[in-house]
Amino acid sequence: MAIGWFSFTCCEDSTILFTELLNEHFDEWKKLLEFRHVKVLKTKNELRDLDVAFVEGAISSEKQEEEVKKIRDNSKYLVAIGSCACTGLPSASRNEFTSEDINERIKRYMEDFDYSEKVRKLAEVIKVDDEVPGCPMGVDRFFEVLNKYLKLFKVVE
Ligand code: SF4
């Protein structure tokens with residue numbers, strides 16, 4: 001099963017958790033999974049025909065929106081990883097700022113980095129097939145979802 005792992009606006013704690021899980025599971029997973037686009041593990045990555053894309057983080061710019069749509073177009077299934085991807089928060093905290101809070105410095109950051117007015121959860125931008133909530137992601141639920149797709153693609157019984 002070809003997988004991708006992607007990060008958008010977030011602290012990447014679920015990515016760290018995923019790499020930590022490899023300490024225990026790499027030998028088993030390398031027989032079941034092809035890490036086709038996993039930047040945290042390798043530099044040569046291909047965004048094509050992924051069976052499952054795991055996407056962490058919220059969407060905070062038009063560029064990110066384009067990128068995540070491209071991932072969606074190249075993936076059969078897409079799983080939102082962690083609270084920022086599933087609900088927007090805590091990455092979307094700035095959506096709650098009152099106008100007085102948005103001082104000149106924050107405004108400048110938003111312009112310099114071309115941020116969009118609102119930070120959005122993945123489901124506001126693309127179709128999401130499954131969610132693994134938690135901050136960082138809940139490991140039991142991650143295993144459950146991974147196993148669901150391994151069965152669906154007949155990699156395991
Ligand atoms: S959900 Fe929590 S752990 Fe995951 S990226 Fe967001 S802030 Fe970090």
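No hydrogens, no waters, no symmetry mates; every other heavy atom, side chains included, goes into these values. All ligand and atom numbering here is 1-based and tracks the order in the structure.
- Judged as a side chain to side chain donor-acceptor pair (under 3.5 Å), and not counting sequence neighbours, the contacts of Glu28 are His25.
- Taking the six-membered ring where the residue is Trp, Trp29 and Phe142 present perpendicular rings, their angle passing 60° and hence far from 30°.
- Looking only at protein N/O/S atoms, the ones less than 2.8 Å from atom 2 (Fe) of ligand 1 make 1 in total.
- Atom NZ of Lys118 sits about 10.5 Å away from atom CD of Glu124, to the nearest 0.5 Å.
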Show every donor-acceptor pair shorter than 3.5 Å between a side-chain atom in residues 50-65 and any protein atom, with sequence neighbours excluded, or say none if there are none.
residue	atom	partner	partner atom	Å
Asp51	OD1	Lys76	NZ	2.8
Asp51	OD2	Ala2	N	2.8
Glu56	OE1	Ser7	OG	2.8
Glu56	OE1	Thr15	OG1	2.6
Glu56	OE2	Asp13	N	3.4
Glu56	OE2	Ser14	N	2.9
Glu56	OE2	Thr15	N	3.4
Ser60	OG	Thr9	OG1	2.5
Ser60	OG	Gln64	OE1	3.4
Ser61	OG	Gln64	N	3.1
Lys63	NZ	Glu67	OE2	3.2
Gln64	OE1	Thr9	OG1	3.2
Gln64	OE1	Ser60	N	2.9
Gln64	NE2	Thr9	OG1	3.1
Glu65	OE1	Arg120	NH2	2.8
Glu65	OE2	Lys69	NZ	2.8

Output a table of donor-acceptor pairs, distance under 3.5 Å, between side-chain atoms of residues 145-157 and any protein atom two or more places apart or on a different chain; print 'none' if there are none.
residue	atom	partner	partner atom	Å
Lys148	NZ	Asp130	OD2	2.8
Tyr149	OH	Asp130	OD2	2.5

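- The side-chain heavy atoms of Phe6 and Leu47, taken from C-beta on, include a pair separated by under 4.5 Å.
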